[in-house]
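In this chain, numbering begins with 1 at the start of the sequence shown. Treat the numbers as computed from the prediction; the structure is a model and nothing was measured.
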Amino acid sequence: MVFDLDRISELLDLLGSPQRAYPSIHLTGTNGKTSTARMIDSVLRAFGLHTGRYTSPHLETVRERISLDGEPVSEERFVSTYREVAPLAELVDQRADEPLTYFDMTTALAFATFADAPVDVAVVEVGLGGAEDATNVLHAGVCVLTPIGLDHTEWLGDRIEDIALAKAGIIHKGATVVAAAQDEEAARPILERCAEVGATIAREGAEFGVLRRSVAVGGQVLTLQGLGGVYDEVFIPLHGAHQAQNAAVALAAVEAFLGAGANRQLDVATVREGFATASSPGRLEKVRTAPTVLLDGAHNPHGMAATVTALQEEFAFSRLVAVVGVLADKDAPSLLELLEPVVDAVVVTRNSSPRAMPADELGRLAEEVFGPDRVEVAADMPDAIEAAVALAESDVPGELSGVGVLITGSVVTVADARRLLKK
C-alpha cells in the first residue's frame with residue numbers, strides 16, 4: 001500500500017479527468033460502507049438515475065467493484081477500458097519512484113468507466129482511510145461517514161480520533177456531510193473538519209435516524225426520519241439494527257443529493273421501491289437451507305458485535321456452528337470472544353488470502369476462548385464447511401430447521417465459501 005495521490009492524479013489528468021464528468025457521493029467509515037453504498041445506489045436508481053458504484057473488496061470477480069446501474073461491469077467493457085488506461089498507467093509508472101497500486105488502477109478504471117457510460121451520479125466507497133485514499137480526488141458534493149471504530153490501525157493509527165481525522169479528509173469545501181452516530185472521540189475531528197472547510201453536516205440522531213424497526217420475513221420494516229420528513233413502511237431485505245442504521249444514512253445521503261430538506265420530502269413510494277430491491281451479498285446472506293448457512297464478512301470487533309446482535313434478535317437457532325477464517329493482522333481473540341456466547345462450536349480454517357492467519361494458530365486462540373471440546377481445525381474451506389455441517393446436525397433429532405452454520409471472520413473467507421456454496 002502506497003498512500004500518495006500524485007500518481008493517481010497524474011493518471012486521471014492524462015485520461016482527461018473522468019471523475020469530473022459526473023457528481024459523486026463519497027463514503028468512508030469503518031463498517032457498513034458497502035451496504036450503505038448499495039442502498040444509496042438502489043434508491044437513486046428507483047428515482048430514474050443512471051448510477052455508477054465503486055466498492056471494495058470483491059467476492060468473486062473484480063468486475064463487482066465497478067457497477068453500472070446496479071450490475072457489475074461486463075467483461076467486454078472492463079477489458080476495453082483497461083486497454084485505454086494501461087498505456088497511460090505505464091507512462092505514469094515510468095516517471096514515478098513507486099508504481100501505481102492495484103487499487104489506483106481499479107479506481108482509475110471505475111472513474112473512466114463511469115464517464116464513458118455515462119452515469120448521472122457515482123457512488124464511491126473509500127478503499128482505506130480517506131485523506132490519502134486514491135478515491136479522494138473526487139471532492140464530492142455529498143460525503144457519507146458510516147460508524148468509525150478501530151481497524152487498519154497499522155495504517156491509520158491506534159486511536160479512534162486519529163482514524164476519524166484520516167477519514168474526515170474526504171470532506172472538502174462546501175460539501176454536505178451525512179454522518180452516522182459516532183463516539184465522541186470520532187465526532188470531534190469530523191466537526192472540526194466541517195468547520196475548517198465550510199461543510200454542512202447532518203447527523204444521525206439529530207437531523208435523521210431510525211424511528212422504529214420490526215423484524216419481517218426476509219428482512220425488516222423501518223420507519224425512518226429523513227432530512228425531509230418521515231418515511232414509513234420501508235422494507236429492507238437485510239438483517240440487523242446495523243442495516244437499519246445504514247438505511248437511515250443512505251436515505252439522508254440520497255435526500256442531500258436530490259435536494260430534499262426542511263420542507264421537501266422525496267416520494268415515499270419511490271423510496272420504498274429503492275430499498276426493497278437493495279442487496280448486500282456476504283452480509284448475513286442466506287445461501288443454503290437445512291441446515292441454514294449464513295455468510296457474513298464481519299472482520300473487526302465493531303462489525304462482529306453487530307452481527308452477533310442481529311443473530312440474537314432475528315434468528316432462532318437451536319444449534320449454531322461457526323466457520324471462522326481471519327487475516328493475520330486482525331483482532332482474532334476479540335472476534336472469537338464476541339462469537340462465543342451465540343455459537344455452540346467453531347471450526348477454524350485458513351482462507352485463500354496470502355495474509356491469512358494459519359489455521360493451527362487460529363485454533364489455539366479459539367481453544368483459549370471456547371475450550372478444546374468446542375473447537376475443530378480444518379485445513380481448507382471445503383473441509384471446514386463439511387465439518388461445521390456435521391457438528392451442527394449432531395445431537396439434533398428429527399427436524400433440522402433450527403440448525404445453522406455461520407461462515408465469518410473475513411470478506412475473503414466469505415468469498416471462498418460463496419464460490420463453493422453458490423455452485
Side-chain angles (χ1 to χ4, degrees), residues 31 34-35 38 55-65 72 218 237-240 243 279-300 303-304 306-308 310-311 314-315 317 319-330 332 335-336 338-340 342-363 365-366 370 374-394 400 403-423:
N31 288 299
T34 298
S35 293
R38 293 179 70 97
T55 56
S56 59
H58 59 268
L59 292 175
E60 296 178 31
T61 167
V62 67
R63 295 182 296 107
E64 294 170 22
R65 296 180 179 226
L238 302 166
H239 299 282
Q243 294 290 16
S279 65
S280 195
R283 276 70 177 180
L284 281 175
E285 178 188 14
K286 184 188 291 186
V287 292
R288 289 286 176 92
T289 56
T292 297
V293 178
L294 298 174
L295 306 180
D296 192 85
H299 59 274
N300 55 44
M304 188 61 77
T307 294
V308 166
L311 286 169
E314 301 186 26
F315 295 87
F317 291 112
R319 185 169 175 81
L320 180 64
V321 175
V323 173
V324 179
V326 303
L327 301 185
D329 60 346
K330 298 302 179 183
L335 299 182
L336 293 165
L338 287 162
L339 270 176
E340 191 275 332
V342 297
V343 301
D344 295 277
V346 63
V347 180
V348 300
T349 189
R350 180 186 180 119
N351 63 39
S352 60
S353 170
R355 298 190 292 128
M357 181 178 289
D360 289 342
E361 181 181 343
L362 185 56
L365 295 174
F370 286 81
R374 295 168 64 197
V375 178
E376 282 198 23
V377 177
D380 55 29
M381 185 58 67
D383 289 347
I385 294 173
E386 185 177 350
V389 170
L391 281 171
E393 294 180 344
S394 65
L400 295 176
V403 171
V405 172
L406 170 70
I407 302 175
T408 189
S410 168
V411 174
V412 182
T413 302
V414 165
D416 292 346
R418 205 167 188 269
R419 278 190 290 272
L420 295 168
L421 294 167
K422 281 287 194 177
K423 286 181 180 177

Restricting to non-hydrogen atoms, name the atom on V405 and the atom on A392 that form the minimum distance, rounded to 0.1 Å.
CG2-CB, 4.1 Å
Side chain to side chain contact (heavy atoms under 4.5 Å, CB included) evaluation trace for L391 with V347
CA-CA 9 Å; L391 281 171; V347 180; 3.7 Å; yes
At their closest point, which heavy atom of G409 faces which heavy atom of V326, and how far apart are they?
O-CG1, 3.7 Å
The test is side chain to side chain contact (heavy atoms under 4.5 Å, CB included); show your working for T408 and L339 and say whether it passes.
CA-CA 10 Å; T408 189; L339 270 176; 4.0 Å; yes
For D296, the salt bridge (Lys or Arg N to Asp or Glu O under 4.0 Å) test, sequence neighbours excluded, returns none
Between the main-chain N or O of L59 and the side-chain N or O of R419, is there a donor-acceptor pair closer than 3.5 Å?
yes
In Å, rounded to the nearest 0.5 Å, how long is the span from OG1 of T413 to NE2 of H299?
11.0 Å
Suppose we screen for side-chain hydrogen bond (donor to acceptor under 3.5 Å, both in side chains). Which residues come up paired with T61, at least two apart in sequence or across chains?
none
Interatomic distance, CE@M304 vs CG@L335, rounded to 0.5 Å, equals 5.0 Å
With heavy-atom distances below 4.5 Å as the criterion, would you say the side chains of R319 and S394 are in contact?
yes
Counting N and O atoms only, with roles assigned by atom type, does the side chain of R38 sit under 3.5 Å from a partner on the main chain of S279, one being a donor and the other an acceptor?
yes
Would you find a donor on one side and an acceptor on the other, under 3.5 Å apart, between the side chain of D383 and the backbone of A378?
no
What closest approach, in Å, do G325 and L362 show between heavy atoms, and which atom pair accounts for it?
CA-CD2, 4.1 Å
Any idea which heavy atoms bring S56 and T34 closest together, and the distance?
O-OG1, 3.7 Å
For F370, all residues meeting ring pair (Phe, Tyr, Trp, His ring centres under 6.0 Å), sequence neighbours excluded:
none
Give a yes or no on whether E386 atom CD has more than 12 heavy-atom contacts from other residues, nucleotides or ligands under 6.0 Å away.
no
In chain order, what residues pass the salt bridge (Lys or Arg N to Asp or Glu O under 4.0 Å) check against E340, with sequence neighbours excluded?
R374
Test side chain to side chain contact (heavy atoms under 4.5 Å, CB included) on F317 and L294; report intermediate values, then the result.
CA-CA 12 Å; F317 291 112; L294 298 174; 3.9 Å; yes
Between the CG atom in L284 and the CG atom in L406, the distance rounded to the nearest 0.5 Å is 7.0 Å
Atom of A310, atom of G240 and distance for their closest heavy-atom approach
CB-CA, 3.6 Å
Rounded distance [0.5 Å steps], CZ in R283 versus CG in L238:
10.0 Å
Could you report the tightest heavy-atom contact between G363 and V377, atom names first, then the distance?
CA-CG2, 4.0 Å
Checking P237 now: which residues fulfil side chain to side chain contact (heavy atoms under 4.5 Å, CB included) with it, not counting sequence neighbours?
F235
Once you round to the nearest 0.5 Å, how far does CG of D416 lie from OG1 of T349?
8.5 Å
N/O donor-acceptor pair under 3.5 Å between R65 side chain and R63 backbone
no
Nearest 0.5 Å, what's the OG-CG distance between S410 and N351?
4.5 Å
Once salt bridge (Lys or Arg N to Asp or Glu O under 4.0 Å) is applied, do any residues pair with E285, and if so which ones, sequence neighbours excluded?
R418, K422
Side chains of V348 and M357: closer than 4.5 Å at any heavy-atom pair?
no
For the backbone of L421 and the side chain of R288, can you confirm whether one donor and one acceptor N or O come within less than 3.5 Å of each other?
yes
